Amino acid sequence: QAQLVESGGGLVQPGGSLRLSCAASGSIFIINAMGWYRQAPGKQRELVAGITSGGSTNYADSVKGRFTISRDNAKNTVYLQMNSLKPEDTAVYYCNAEILTHYAGLSDYWGQGTQVTVSS
């Protein structure tokens, strides 16, 4: 089995920045794609940003130019740098990873979620 642990959320004023981190641990053999999702109250969970094992990225239109996703394969960690934050970015953010473990097939894993609140 594998686990994803998130950190970096908090309260920030509009225009501010935060960096989220998500570290995978366990019996990891390969991590394929990784991504960040968010869910605001009363809203559906949506994909914010994704990154392939080769480093190709994609973003939701609402965050293009403001957010940057990256990964450190040696640390089994994915990051989300969030700049120029808006109140509309307020949500619980979840990381996701496709992981092949030493003992099982490829499966999706989710972090516990971290709250990001953008307010003055």
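Computed from a predicted model, the values in this text were never measured in an experiment.
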Tell me the closest heavy-atom pair linking [X] and [Y], and the distance in Å.
X   : Y    : result
V5  : Q112 : CA-OE1, 3.7 Å
S84 : S17  : N-OG, 4.3 Å
S21 : Y79  : OG-CD2, 3.3 Å
Y59 : A49  : CD2-CB, 3.6 Å
W36 : L20  : CH2-CB, 3.6 Å
L4  : C22  : CB-SG, 3.8 Å

Connected via hydrophobic side-chain network under 4.5 Å: I31 and L106: no

Cluster link V12 to V63, ILVMFWY, side chain under 4.5 Å: yes

What's the spacing between [X] [atom1] and [Y] [atom2] if we round to 0.5 Å?
X    : Y   : atom1 : atom2 : result
I99  : Q3  : CD1   : CD    : 8.5 Å
L11  : L18 : CG    : CG    : 9.0 Å
L100 : N32 : CG    : CG    : 9.5 Å
M34  : I51 : CE    : CD1   : 9.0 Å
R66  : N83 : CZ    : CG    : 9.0 Å

Among L47, V48, L80, side-chain contact (heavy atoms from CB on, under 4.5 Å) partner for R38: V48

Geometric class of the F67/Y93 ring pair [parallel <30°, tilted 30-60°, perpendicular >60°]: tilted

Working for side chain to side chain contact (heavy atoms under 4.5 Å, CB included), residues Y109 and I28: CA-CA 12 Å; Y109 291 84; I28 297 171; over 6 Å; no

Under a 3.5 Å distance rule, please check whether [X] uses its side chain to pair with a backbone N or O of [Y] as donor and acceptor.
X   : Y    : answer
T90 : V118 : yes
R71 : A33  : no
E6  : G113 : yes

K86/D89 ion pair, N-O < 4.0 Å: no

Within 6.0 angstrom of Q1 CD, more than 12 heavy atoms from elsewhere: no

Test item: V78 and I69 side chains (from C-beta on) under 4.5 Å apart, heavy atoms: yes

